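First up is the structure itself, then whatever we jot down about it.
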Amino acid sequence: MKRKILSVVLAVIFMFALASCGASDPKGVVDAYMKACQKLDTEKMYEYFPGQGASIENDALGESDIDFFSRITYELGETSVDGDKATQKIQITTVDMTTIMTELVTELTAEMLTNLGDSEFDSEAYVNELLAEKLSNPDAKLITTTVTVNLEKNSDGKWIISSPDQNAEFLDALSGGIVNSLTTTLGSLFE
């Protein structure tokens with residue numbers, strides 16, 4: 001009898017442990033989304049963050065995309081829940097895309113000047129090759145950013161990551177700072 005009770009108690013504890021590891025709470029959703037990002041599993045990414053836009057087909061992704069996303073690391077922090085809304089702190093470390101883009105523009109400009117008038121120079125191929133090289137460099141500069149992810153319950157009562165406009169800092173951190181950098185650069189061009 002004691003053995004049967006012990007078995008039932010252990011089974012209940014095991015079920016709770018499995019449930020807490022899943023994506024049924026805000027922390028689990030962000031964790032599952034980040035793991036999907038690292039694997040570049042776009043179908044899973046879209047499941048947890050449906051507002052991020054149309055799902056990208058995995059065969060449309062290049063080697064540099066895979067290199068970039070596989071290098072993302074993260075640490076989850078404090079979770080706060082208020083009814084159907086929640087926030088999740090996260091520290092994200094990834095390749096510093098602001099630095100890479102600055103280097104890319106500098107090197108592309110120099111290469112274009114060198115090949116001025118050469119109709120055979122393929123600037124797009126050059127950029128793709130250079131970007132892939134920089135993203136696969138194990139010594140590429142990294143950036144660490146701590147941000148808050150906003151979540152909400154969908155119509156089925158499941159937690160999802162809220163719309164991109166509510167998660168601009170999160171998306172910028174995931175992109176290695178390139179979103180903010182481009183916004184600042186483009187904004188200064190039109191001032």
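Just the heavy atoms: all of them, side chains too, but no hydrogens, waters or symmetry mates, feed the values below. This one's a predicted model, so the numbers in the text were calculated from it and none came from an experiment.
Remark: Asp31 engages Lys35 in a salt bridge, criterion side-chain N to carboxylate O under 4.0 Å.
Ala86 approaches Pro26 most closely through the heavy-atom pair CB-CG, 3.5 Å. Closest approach of Ala173 and Thr94 over heavy atoms only: O-CG2, 3.4 Å.
The environment of Glu75 atom CD is sparse: at most 12 non-hydrogen atoms of other residues, nucleotides or ligands sit within 6.0 angstrom. Atom CG of Asp118 sits in a crowded spot, with more than 12 heavy atoms from other residues, nucleotides or ligands closer than 6.0 Å. Environment of CD in Glu107: crowded, with over 12 heavy atoms of neighbouring residues, nucleotides or ligands closer than 6.0 Å.
Partners of Thr73 by side-chain contact (heavy atoms from CB on, under 4.5 Å), not counting sequence neighbours, listed by chain and number: Thr93.
The main-chain N or O of Glu111 is found under 3.5 Å from a side-chain atom of Asn115 such that the two form a donor-acceptor pair. Under a 3.5 Å cut-off, the side chain of Asn167 and the backbone N or O of Asn150 do form a donor-acceptor pair. Judged purely by atom type and a 3.5 angstrom limit, Asn154 uses its side chain to pair as donor or acceptor with the backbone of Gly157.
Pairs passing the ring pair (Phe, Tyr, Trp, His ring centres under 6.0 Å) check and including a residue from residues 123-145, sequence neighbours excluded, read Phe121-Tyr126. Applying the salt bridge (charged side-chain N to carboxylate O under 4.0 Å, His left out) rule to pairs touching residues 145-157 yields Lys85-Glu152, sequence neighbours excluded.
Using modelled atom types, one finds a donor on one side chain and an acceptor on the other under 3.5 Å when comparing Thr148 with Lys89. Side chains of Gln88 and Thr79: a donor-acceptor N/O pair is present below 3.5 angstrom, by distance only. Glu133 and Asn137 form no side-chain donor-acceptor contact under 3.5 Å, judged by distance and modelled atom types alone.
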